[in-house]
> 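Below you'll find the structure I mean.
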Amino acid sequence: MENWSRERLIEELKKKESENQDLQQKLEKREEDVQAILAKLIQDPTNHHIIPDKHQHPLNHREVARYSRQLILPEFGPEGQRKLSSTSVLIVGCGGLGCPAAIYLAAAGVGRLGLIDYDTVELNNLHRQILHTEGRVGVAKAVSVALSVKALNSHVELVPYEVALTSQVALIIISKYDIVLDCTDNVATRYLLNDACVLGNKPLVSGSALRYEGQLTVYHHNGGPCFRCLHPKPPPPETVTNCSDGGVLGVVPGMIGCLQALEAIKLASGLGTPLSQKLLLFDALQGTFRTVKLRGGKSDCEVCGETPTITKLIDYEQFCGAAATDKEKGVQLLEADKRVTVKEYQDVRMKETPHLLIDVRLPVELEICALTNCINIPLKQLGKPNSIAVIEEKLSSVRTKSIYCVCRRGNDSQLAVKQLESTLSEHGCQIKDIIGGLTAWANKIDPTLPVY
Ligand SMILES: Nc1ncnc2c1ncn2[C@@H]1O[C@H](COP(=O)(O)OP(=O)(O)OP(=O)(O)O)[C@@H](O)[C@H]1O
Ligand SMILES: [Zn+2]
């Protein structure tokens, strides 16, 4: 080569560069083949629990480039990344908490994400369930989240389950994952997930958010308590409020869902101190975070104690006296002759039969929609002397003894009838409720009335 002319050297350089390019392409193709084989292996449902053990292998170029900003964190580093990418996380509930949790775990490079939700996307989900889109209203939430996550990081393996987590399937599904996130919204599922995680020996990252407040803790980890250690008995169903009834500002579950992802990353990579035996409380209105210490695991806990009585999953809807969904189930508290359908009430209005209509919702709800000529007395105020005085005055000015109570869906209005029957017992009034409330009115009588 020493005597080669300049032209010959340039020619040789070009030849070598072209050979290098060929090799590079072959290498990339190889890497794709390996990924495809791995993907096939993992997608086989019988192999869901197998994630190739990447602990031993160096990160590839793509991983180094992609995760560089977290790789240079000394406490996390390549080792943390390898651990995370060989970890599988199950997200139960693809709503307000599940969406942010899923997207941050995927962005950070978790190995596999299981996504469970039985429900489909609704328009009123979009203000907080930020991985769903307008075009996906009606689509299964688990699928919608998988689609959004895939667009961000195509290297995460995704397993959407369009089913409800029940006692029949919980242990089988949970056994395929390392860490479980409770992103659901009902008490029965919280107990189910707790017991399944204790029996399956998995840490449970539990989040909740309502109105302007959120909570977060890690159950069944490192000697810390499980949910049952702290709450051996379920709360009375009527004391439990969900987002649909109580409302929620979207950023609040956003914050808690992100923190659930953070706890999962910490558990997976061994980073920091997990929130076990500690409860984090977020107050959005005050802009404060507080952490309170919780008791340790209870030696006589029914499921995680020394002599557990719960050794297999039970019927959690029966145990809690409430459904494992927050889908509205109409209750029937009154006899049929004390209830009218929206059609029957429409006749009362059309015939201008004298009556008093009491809307028992909160004033803020009347700002959303209301029937004309109603008076507003919220259910909780109904028994108060000044409320009774208002009703008595109205009854005499309209010259009627006929009262109809209305609410959003026809449950509170029945409680209102019972309440008024006792407080107005001496007046000989006829008090009835409107079945299905304003939701039924909007669906059957007046579609221009907004439904919320
Ligand atoms: N047992 C269960 N199995 C699977 N998914 C569940 C289960 N229980 C609850 N979920 C899901 O958890 C998610 C919780 O989401 P979120 O609290 O944001 O409320 P939502 O039910 O979508 O909305 P809203 O309460 O406003 O009607 C929901 O998508 C719900 O379908
Ligand atoms: Zn326990």
Side-chain angles (χ1 to χ4, degrees), residues 119-120 122-124 138 237-238 241-247 321-323 325-383 387-388 390-392 394-425 427-452:
D119 208 1
T120 53
E122 286 177 37
L123 192 64
N124 64 33
E238 63 278 9
T241 309
N242 58 26
C243 293
S244 162
D245 291 331
T325 76
D326 67 348
K327 293 280 164 249
E328 193 59 30
K329 288 217 172 87
V331 293
Q332 172 84 29
L333 303 172
L334 300 174
E335 301 91 82
D337 63 344
K338 291 186 181 157
R339 311 199 72 191
V340 291
T341 63
V342 282
K343 186 86 199 61
E344 285 163 342
Y345 180 64
Q346 188 190 27
D347 289 343
V348 172
R349 284 174 82 91
M350 301 243 280
K351 287 183 191 144
E352 295 183 2
T353 315
H355 70 281
L356 178 61
L357 176 65
I358 307 178
D359 189 324
V360 298
R361 296 173 301 150
L362 295 175
V364 69
E365 294 177 88
L366 274 87
E367 285 178 35
I368 301 171
C369 64
L371 295 181
T372 51
N373 298 331
C374 68
I375 63 164
N376 177 213
I377 305 177
L379 182 61
K380 284 201 177 127
Q381 316 277 325
L382 217 48
S387 302
I388 307 294
V390 170
I391 294 170
E392 283 171 344
K394 280 276 170 197
L395 287 174
S396 77
S397 71
V398 183
R399 294 167 192 243
T400 181
K401 288 193 180 293
S402 172
I403 299 177
Y404 292 89
C405 294
V406 71
C407 66
R408 183 178 177 187
R409 298 183 181 122
N411 291 343
D412 279 357
S413 54
Q414 296 183 70
L415 295 172
V417 170
K418 284 192 174 275
Q419 165 83 53
L420 288 179
E421 276 178 343
S422 65
T423 37
L424 297 176
S425 56
H427 294 64
C429 290
Q430 288 169 347
I431 313 168
K432 298 188 176 185
D433 102 294
I434 301 176
I435 299 169
L438 290 174
T439 308
W441 186 266
N443 289 337
K444 294 187 183 143
I445 308 290
D446 179 6
T448 64
L449 202 71
V451 176
Y452 61 101

> Can you check whether Ile403 reaches Ile358 side chain to side chain, under 4.5 Å on heavy atoms?
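Touching, per the 4.5 Å side-chain cut-off.
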> Answer yes or no: is there a side-chain heavy-atom contact under 4.5 Å between Thr400 and Leu395?
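Counting from C-beta outward, Thr400 and Leu395 do come under 4.5 Å.
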> Quick one: CG on Leu420 to CG on Leu415, what's the gap to the nearest 0.5 Å?
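The distance works out to 11.0 Å.
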> Any side-chain heavy-atom pair from Cys405 and Ile434 closer than 4.5 angstrom?
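No. Closest side-chain heavy atoms not under 4.5 Å.
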> Considering residues at least two apart in sequence or located in another chain, which fulfil the salt bridge (charged side-chain N to carboxylate O under 4.0 Å, His left out) criterion with Glu238?
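With sequence neighbours excluded, Glu238 shows a salt bridge (charged side-chain N to carboxylate O under 4.0 Å, His left out) to no residue whatsoever.
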> Answer yes or no: is there an ion pair linking Lys418 with Asp433, defined by an N-O contact shorter than 4.0 Å?
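Looking at Asp433 together with Lys418, the answer is no, because their closest N to O distance does not fall below 4.0 Å.
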> Which pair of non-hydrogen atoms, one from Ser387 and one from Gln381, has the smallest distance, and what is that distance?
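Looking at all heavy atoms of both residues, the shortest contact is OG-O, 2.6 Å.
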> Taking the side chain from Gln414 and the backbone from Leu334, do they hold a donor-acceptor pair closer than 3.5 Å?
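Flag set: sc Gln414 to bb Leu334 pair under 3.5 Å.
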> So which heavy atom on Arg339 is nearest to which on Gly410, and how close?
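It is NH2-O, 3.3 Å.
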> Which atom pair, heavy atoms only, marks the closest approach of Ala370 to Leu449?
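Taking Ala370 first and Leu449 second, the nearest heavy atoms are O-CD1, 4.0 Å.
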> With side-chain contact (heavy atoms from CB on, under 4.5 Å) as the criterion, how do Leu382 and Val360 come out once you've worked through the C-alpha distance, each side chain's angles and the decisive distance to 0.1 Å?
CA-CA 8 Å; Leu382 217 48; Val360 298; 4.2 Å; yes
> Could you walk me through whether Glu365 and Leu438 satisfy the side-chain contact (heavy atoms from CB on, under 4.5 Å) test, starting with their C-alpha distance in whole Å, then the side-chain angles of each, then the deciding distance to 0.1 Å, before giving a yes or no?
CA-CA 11 Å; Glu365 294 177 88; Leu438 290 174; over 6 Å; no
> Does a side-chain heavy-atom distance below 4.5 Å link Val417 with Tyr404?
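With C-beta onward as the side chain, the pair stays apart.
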> Run the side chain to side chain contact (heavy atoms under 4.5 Å, CB included) test against Leu123 and tell me which residues pass, sequence neighbours left out.
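Counting only residues at least two positions away or on another chain, Leu123 forms a side chain to side chain contact (heavy atoms under 4.5 Å, CB included) with Leu126, Val137.
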> Mind listing the closest non-hydrogen atom pair of Leu357 and Thr372 along with its distance?
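In terms of heavy atoms, the two residues are closest at CD2-O, 4.4 Å.
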> Counting only N and O atoms by type, is there a donor-acceptor contact under 3.5 Å from the side chain of His355 to the main-chain atoms of Thr353?
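It does hold such a pair.
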> Hey, does the side chain of Thr423 reach the backbone of Gly383 with a donor-acceptor pair shorter than 3.5 angstrom?
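It does not hold such a pair.
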> Under a 3.5 Å distance rule, please check whether Glu344 uses its side chain to pair with a backbone N or O of Gln346 as donor and acceptor.
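Such a contact is absent between Glu344 side chain and Gln346 backbone.
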> Determine, step by step, whether Tyr452 and Asn124 satisfy the side-chain contact (heavy atoms from CB on, under 4.5 Å) criterion, reporting the C-alpha distance in whole Å, the side-chain angles of both residues, the deciding distance to 0.1 Å, and the verdict.
CA-CA 8 Å; Tyr452 61 101; Asn124 64 33; over 6 Å; no
> Is the side chain of Lys401 donor-acceptor paired with the backbone N or O of His427 at a distance under 3.5 Å, no angle test?
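Yes, because the side chain of Lys401 sits within donor-acceptor range (under 3.5 Å) of the backbone of His427.
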> Does the side chain of Ile375 reach to within under 4.5 Å of the side chain of Leu356, using non-hydrogen atoms?
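A side-chain contact exists here, since the closest heavy-atom pair is under 4.5 Å.
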> Do Leu371 and Arg349 have side chains that approach each other closer than 4.5 Å (heavy atoms only, starting at C-beta)?
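Yes - at least one pair of side-chain heavy atoms lies under 4.5 Å apart.
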> Whether Asp337 and Lys432 form a salt bridge (side-chain N of Lys/Arg under 4.0 Å from carboxylate O of Asp/Glu) is what I want to check.
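No.
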> Counting distance only, does the side-chain N/O of Thr439 pair as donor-acceptor with the main-chain N or O of Arg408 below 3.5 Å?
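The answer is yes, because a donor-acceptor pair under 3.5 Å joins these two groups.
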> Atom CG in Leu366, atom CG in Asn376: separation rounded to 0.5 Å?
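It is 4.5 Å, given to the nearest 0.5 Å.
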> On a heavy-atom basis, which atom in Ser244 and which in Arg409 lie closest, and how many Å separate them?
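Shortest heavy-atom separation between Ser244 and Arg409 comes out as OG-NH2, 3.0 Å.
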> I'd like to check Pro378 versus Pro363 (side-chain heavy atoms, cut-off strictly below 4.5 Å). Are they in contact?
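Heavy-atom side-chain distance check passes, below 4.5 Å.
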> Any idea which heavy atoms bring Cys374 and Asp359 closest together, and the distance?
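Of all heavy-atom pairs spanning Cys374 and Asp359, the closest is SG-CB, 4.1 Å.
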